Amino acid sequence: KYDSILDKRGQILIEQYATKRLKYPDRKQMRNITTIDHLWKVGDKYWKLASIHYGDPELWWIIAWFNQKPTEAHYKVGEIVYIPTDILEVLNFFDRSNGDL
């Protein structure tokens, strides 16, 4: 099916990778992660929130992961976004559950 595309690009095959399933904290673990409540408004973006709260827009995925909403389109104006304040605690969660990612 893809032979003409592969030939055109000089490729023999295309290797696809599965997206990892990230483990979410349970209720007990959630209580140990300090958050800031943010009221979602028009123009909000994960990268903007990450830039404001973490000083790094590339950490947007932490907010998306923590709220279990992969894109901004999953929010409606007026919803609460929970922003974990201790990035190290979130990253430590991943270290502790390394085999379960």
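Hydrogens, waters and symmetry mates play no part in the numbers below; they use all other heavy atoms, side chains included. Quick caveat, the model's predicted, so the values are computed rather than measured.
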CG/Leu39: more than 12 non-hydrogen atoms of other groups inside 6.0 Å: yes
Side chain to side chain contact (heavy atoms under 4.5 Å, CB included) partners of Pro70, counting only residues at least two apart: His74
Partner residues of Ile87 under the side chain to side chain contact (heavy atoms under 4.5 Å, CB included) criterion, sequence neighbours left out: Tyr54, Leu59, Ile62, Leu91
Heavy-atom side-chain proximity of Ile63 to Val81 below 4.5 angstrom: yes
CD1-NE2 distance between Ile83 and His38, expressed to the nearest 0.5 angstrom: 6.0 Å
From CG (Leu49) to CG (Asp44), nearest 0.5 Å: 5.0 Å
Distance (rounded to the nearest 0.5 Å) between Trp60 CH2 and Tyr46 OH: 8.0 Å
Pairwise distance CD1(Ile80) to OG1(Thr35) - rounded to 0.5 angstrom: 10.0 Å
Parallel, tilted or perpendicular: rings of Trp40 and Tyr75 (30°, 60°): parallel
Interatomic distance, Lys28 atom NZ to Asn32 atom CG [nearest 0.5 angstrom]: 7.5 Å
Residue pairs, two or more places apart or on separate chains, that pass salt bridge (charged side-chain N to carboxylate O under 4.0 Å, His left out) and touch residues 62-82: Lys69-Glu79
Residue pair Thr85, Ile36: steps toward the side chain to side chain contact (heavy atoms under 4.5 Å, CB included) verdict: CA-CA 7 Å; Thr85 56; Ile36 294 172; 3.2 Å; yes
Salt bridge (charged side-chain N to carboxylate O under 4.0 Å, His left out) pairs, two or more places apart, involving residues 46-61: none
ILVMFWY cluster membership beyond Ile52 - transitive side-chain contacts under 4.5 angstrom: none
Check: Ala64 main-chain N/O paired with Asn67 side-chain donor or acceptor under 3.5 Å: no
Residues forming a side chain to side chain contact (heavy atoms under 4.5 Å, CB included) with Asp7, sequence neighbours excluded: none
